[in-house]
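The structure appears below as structure tokens.
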Amino acid sequence: MNIFRLAGDMSHLVAILILLLKIWRSRSCAGISGKSQVLFALVFTTRYLDLFTSFISAYNTVMKVVFLALSYATVYLIYMRFRNSYDSENDTFRVEFLLVPVIGLSFLENYSFTPMEILWTFSIFLESVAIMPQLFMITKTGEAESITNHYLFFLGLYRALYIVNWVWRYHTEGFFDQIAVVSGVVQTIFYCDFFYLYVTRVLRGRGKMSLP
Amino acid sequence: GTDPNLKDEL
């Protein structure tokens with residue numbers, strides 16, 4: 001474990017908590033893409049199947065349980081608890097356009113052709129595009145509340161910190177996980193446009209920000 | 001390098 005990966009995991013946790021608490025306290029999920037949250041729950045489900053088969057560390061196990069629980073709680077709030085505030089007219093991204101290529105690629109490009117490895121690869125590729133429905137929804141509604149922007153900022157920051165972690169691990173222990181690195185770079189690139197707008201607008205107190 | 005199959009990252 002290194003400081004970059006720890007900071008990344010904390011940024012990820014903060015992002016998930018920001019969104020969950022926003023929905024819970026405002027008792028509304030307006031402007032939130034339920035599809036993205038379902039995809040994230042699917043990412044954690046397919047990536048953390050080894051939760052019961054391999055023990056890495058207490059931190060690793062605890063964080064997996066926390067991420068699974070919080071992501072399913074978020075999906076529950078959106079589709080069950082506060083479903084009448086769910087904005088289904090604007091959450092119209094065709095997720096099959098993401099799932100089909102990701103499933104195909106995870107069968108083509110993986111470390112070993114075993115169910116666990118293919119599911120892990122699927123989760124890595126899916127995570128890189130899981131935010132698309134949310135970004136699409138923001139372009140459709142024309143703006144995002146500032147709290148949603150903070151969520152996106154920490155979510156994008158988490159994988160950017162993981163990239164630094166991978167550089168660090170490559171130079172200190174020769175660790176190189178090609179699938180995770182390539183996918184993580186693609187994922188972070190999707191946020192670049194948002195990062196620019198976030199820094200130039202949201203941090204200047206503009207509150208609402210609209211993606212082009 | 002260390003084995004990427006050792007999934008020690010979240």
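None of these values were measured; they are calculated from a predicted model. Sequence lines set the chain letters: A, B, ... in the order given, protein chains first and strands last, and positions in each chain run from 1.
For A:Y170, no part lies under 4.5 angstrom from a heavy atom of chain B.
Contacts with chain B (heavy atom to heavy atom, under 4.5 Å) involve these residues of residues 7-35 of chain A, listed by number: A:D9. Using a 4.5 Å cut-off between non-hydrogen atoms, the part of residues 39-55 of chain A that approaches chain B consists of A:R47, A:Y48, A:D50.
In terms of heavy atoms, A:F67 sits closest to B:L10 at CE1-CD1, 3.8 Å. Between B:D8 and A:R5, the shortest heavy-atom distance links the atoms O-NH1, 3.1 Å.
We find the CD-CG distance between B:E9 and A:D177 to be 7.0 Å, quoted to the nearest 0.5 Å. Separating the OH atom in A:Y111 from the NZ atom in B:K7 is a distance of 6.5 Å, to the nearest 0.5 Å.
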